[in-house]
Amino acid sequence: MAAFKSPERPGDGDDVSGALFGIVKPDDSHWIKPLDSRQWDDSSLSISSNLNGDVWWYQAPDVTERLRIQRGSFLLGPLQPGRSDGTTLPLVTEPAGEKNWVEERITSRGKPGAPARRTTDVFKLEITAAAKQFIRKLLIERSGLTVAAIYPVPWHRPYIEEFSRSYDRTRPLGLDL
């Protein structure tokens, strides 16, 4: 989280700069629908290997009203730790330290000429440590995004497992962690 590190102590991490990634919505061919009918259980390969090592988007099912309102989606893909751009997924971002195309567009607002062209499907906005308290205060005061609103009530595993079984999703989590 850019401004809420944990529900117990949201200010932890205010001394460390971070990043917020924006990702262009992918083509429908790279979406996994909420109740996708593919069978993952029979393969010893990880889910990302079954998806050819590409990054896919998973649209979560509307299990609760809160999830429906958030219209949540998640990225699935192979992990690549140690990358210099701050992400562990194989996504193409601007080189570290360079302005990205979104920053170029923001900088040139109101100026004549064509806006900066999109050069990647992902952009990264640096969040300086000094800005985190201000961002948190702004999110709370303007949007009502308090800790209680951002962090959902934790689900307990039996509930998740019951939901998964009812949709024939019984693949052990250990195969993909």
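Remember, predicted model here, so these are calculated numbers, not experimental data.
Cluster annotation: L139 is connected to L20 through the hydrophobic network of ILVMFWY side chains, with a link wherever side-chain heavy atoms come within less than 4.5 Å.
One finds the CG atom of D54 at 11.5 Å from the CG atom of L76 (value rounded to the nearest 0.5 Å). Atom CG of residue L75 and atom CD1 of residue I23 lie 4.5 Å apart, to the nearest 0.5 angstrom. Here the CD atom belonging to E141 is positioned 4.5 Å from the NZ atom belonging to K137, to the nearest 0.5 angstrom.
Salt bridge status for K124 with E126: present, with a side-chain N to carboxylate O gap under 4.0 Å. A salt bridge is absent between K132 and D15; no separation between the charged side-chain nitrogens and carboxylate oxygens falls under 4.0 Å.
R118 meets the salt bridge (charged side-chain N to carboxylate O under 4.0 Å, His left out) test with D121; sequence neighbours excluded. Shown here are the side-chain contact (heavy atoms from CB on, under 4.5 Å) partners of A129, two or more places apart in sequence or in another chain: S17.
Across all their heavy atoms, Y58 and K33 have their closest contact at CE1-O, 3.8 Å.
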Exercise for review: Go through the steps for H30 and V55 under the test side chain to side chain contact (heavy atoms under 4.5 Å, CB included), then give the verdict.
Suggested key: CA-CA 8 Å; H30 272 75; V55 175; over 6 Å; no

Practice item. Could you please spell out the steps behind the side chain to side chain contact (heavy atoms under 4.5 Å, CB included) verdict for I127 and I135? Key: CA-CA 9 Å; I127 308 292; I135 291 171; 3.8 Å; yes

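Side-chain N or O atoms of R105 include one that pairs as donor or acceptor with a backbone N or O of A116 at under 3.5 Å.
Residues I32 and W57 form no side-chain contact, since every pair of their non-hydrogen atoms from C-beta on lies 4.5 Å or further apart. The shortest distance between side-chain heavy atoms of T119 and N100 does not fall below 4.5 Å.
Applying the ring-ring contact (aromatic ring centres under 6.0 Å, His included) test to pairs two or more places apart or on separate chains, those with a residue in residues 107-136 are W101-F123.
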